[in-house]
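Read the structure below first, then the notes.
Counting starts at 1 for both ligands and their atoms, in listed order. This structure is a prediction, so every number in the text was calculated from the model and none was measured.
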Amino acid sequence: MDQNRIYNFNAGPSALPLGVLEEIQRSFLNFSGSGMSILEVSHRSKWFDDVINDAVIRTQRLLGLDDTYHVLFVQGGASMQFCMIPMNFLNSNASADYVNTGTWSTKAIKEVRNQGKQASVVASSEDRNFSYIPKDIPFNSDAAYCHITSNNTIKGTQWSSFPEIGGVPLIADMSSDIMSRPFDPAPFGMIYAGAQKNVGPAGVCLVIVREDMLERVPDNLPAMLKYTTFVEKKSMYNTPPCFTIYTIQLVLKWLEEEIGGLENMEKMNQKKAGLLYQTIDDSDFYQGTADRDSRSLMNVPFRLPNPDLEQRFIKKSLENSLGGLKGHKSVGGCRASIYNATSLYAVQALVDFIKVFEKKNG
Ligand SMILES: Cc1ncc(COP(=O)(O)O)c(C=O)c1O
């Protein structure tokens with residue numbers, strides 16, 4: 001590893017594959033023989049066309065999407081999707097099901113209600129501080145759609161499999177676990193993910209929408225808030241964030257060509273998370289905060305015996321080249337985000353540090 005680089009456990013923006021960063025560096029001044037950097041080429045040029053088309057095709061291939069799914073790049077982050085979803089897919093006489101598993105689901109529900117529309121919270125884990133994924137959920141068979149958050153970045157919980165809800169389209173915020181494992185896309189009417197965790201830098205939301213969902217989009221929405229605009233104009237109604245999309249293309253290429261696809265990625269993620277959870281479980285000093293059967297493979301929150309020790313842990317970890325281990329400001333404690341690009345070496349270095357810190361302070 002470069003002497004000046006640290007092991008990065010940030011929750012997002014977060015670690016990118018080193019090979020991707022090096023590729024960007026290599027081609028920075030003269031992108032694809034254009035004589036310009038990617039920051040300078042026109043989004044209407046053949047150079048950028050190749051980039052965005054390749055990013056779309058790789059997304060389809062990695063996720064096993066058939067041609068009923070459109071792959072879009074939308075600005076405004078995942079938070080913009082919280083409001084675009086009800087605007088596009090929920091009319092005022094209908095109701096949508098939402099499962100509330102934490103901060104991000106709560107925000108998504110709020111955006112529905114802000115529009116004077118109905119969100120039915122069919123299950124919530126708020127009673128135990130969002131430490132688990134609810135089971136046996138009474139979904140409504142007449143819901144317009146059902147929205148879940150597949151991985152809860154702050155509380156470190158994750159749906160290990162997706163709920164069976166018959167014909168109701170499932171919509172998932174996969175911001176913090178997209179491309180971390182394979183899944184069957186068929187029940188999904190829509191999937192979205194802020195790029196800045198598993199697929200690239202901040203600046204764009206990857207949106208995957210099924211053709212039949214587009215029939216619901218009202219004509220009178222502003223152009224930039226309609227999924228149909230993004231479909232018709234292939235995500236280029238206006239100037240897209242070219243650099244972000246280029247980086248995503250490289251990350252997807254890395255996933256396909258270096259990692260070998262999502263089955264392999266999942267195995268690696270299981271290995272990394274297994275190592276870290278085992279270390280926490282073997283100790284009485286550290287305490288995981290999520291229920292075991294709901295644990296996330298991507299975000300691992302944990303507590304130490306008191307806040308002073310947590311502060312010391314975070315300070316000392318940084319001195320040992322381990323960054324980003326502070327828990328989200330709303331919950332405190334510590335959190336290691338171990339997304340796709342965080343290597344097993346990085347997790348091993350963290351585990352070694354965790355053990356040494358306990359010996360000295362336990
Ligand atoms: C699961 C989840 N959803 C949504 C968001 C919000 O994403 P953005 O900042 O792209 O709006 C985040 C951000 O961390 C997240 O983790």
Side-chain angles (χ1 to χ4, degrees), residues 8-16 72-87 98-112 114 119 124-126 130-134 146-160 162 170-181 183 188 190-208 224-225 230 235 240-241 243-245 247-248 251 269 289-290 294-301 324-333 335-342:
N8 182 353
F9 298 96
N10 278 333
S14 45
L16 286 164
L72 312 173
F73 298 97
V74 182
Q75 293 190 60
S79 301
M80 179 72 106
Q81 297 309 306
F82 298 162
C83 68
M84 278 178 74
I85 290 165
M87 277 179 182
Y98 276 73
V99 181
N100 191 1
T101 50
T103 307
W104 304 111
S105 315
T106 305
K107 287 192 173 178
I109 293 162
K110 196 167 165 209
E111 290 290 345
V112 180
N114 279 346
S124 166
S125 49
E126 196 170 5
F130 296 118
S131 57
Y132 67 101
I133 299 291
C146 170
H147 181 282
I148 61 168
T149 311
S150 59
N151 184 75
N152 298 282
T153 325
I154 297 174
K155 299 290 185 177
T157 62
Q158 185 176 28
W159 293 74
S160 54
F162 295 117
L170 196 53
I171 295 185
D173 173 357
M174 293 198 185
S175 292
S176 48
D177 68 350
I178 188 119
M179 302 289 176
S180 68
R181 56 180 174 172
F183 61 90
F188 291 91
M190 180 185 160
I191 294 162
Y192 63 101
Q196 66 274 16
K197 297 163 200 303
N198 251 351
V199 287
V204 89
C205 190
L206 178 64
V207 173
I208 294 157
M224 284 298 288
L225 296 176
F230 288 84
S235 304
F243 182 73
T244 297
I245 294 171
T247 310
I248 292 173
V251 171
N269 285 331
T289 57
S294 301
R295 282 173 163 177
S296 165
L297 297 186
M298 300 279 99
N299 309 98
V300 181
L325 290 166
K326 196 165 183 232
H328 189 269
K329 60 182 186 313
S330 64
V331 293
R335 171 180 53 175
S337 295
I338 49 174
Y339 298 122
N340 287 353
T342 303

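For ligand 1 and N151, the ligand atoms under 4.0 Å from any heavy atom of the residue are 1 (C). Near G77, meaning under 4.0 Å from one of its heavy atoms, ligand 1 places the atoms 10 (O), 11 (O). Heavy-atom contacts of F82 reach the following atoms of ligand 1: 4 (C) (cutoff under 4.0 Å). Atom numbering of ligand 1 starts at 1 in the shown order; those under 4.0 Å from a heavy atom of Q196 are 7 (O), 8 (P), 9 (O), 10 (O).
Using the six-membered ring where Trp is involved, W104 and F82 have ring planes that are tilted, between 30° and 60° apart.
The distance criterion of under 3.5 Å between nitrogen or oxygen atoms is met by A78 with respect to ligand 1. Geometrically, ligand 1 and D173 share a nitrogen or oxygen pair separated by less than 3.5 Å. For ligand 1, none of its N or O atoms has an N or O atom of T149 under 3.5 Å away.
A donor-acceptor pair under 3.5 Å is formed between the side chain of K197 and the backbone N or O of A11. The closest donor-acceptor contact from the side chain of S294 to the backbone of I133 lies under 3.5 Å. When atom types are taken as modelled, the side chain of S176 and the backbone of N151 share a donor-acceptor pair closer than 3.5 angstrom.
Protein heavy atom in closest approach to atom 6 (C) of ligand 1: W104 CZ3, 3.5 Å. What sits closest to atom 1 (C) of ligand 1 on the protein, heavy atoms only, is T153 OG1, 3.4 Å. Among all non-hydrogen protein atoms, the one lying nearest atom 14 (O) of ligand 1 is K197 NZ, 2.7 Å. Of all protein heavy atoms, the one closest to atom 11 (O) of ligand 1 is S79 OG, 2.5 Å.
S180 and N269 are not linked by any side-chain donor-acceptor pair at a separation below 3.5 angstrom, with hydrogens and angles left out of the test.
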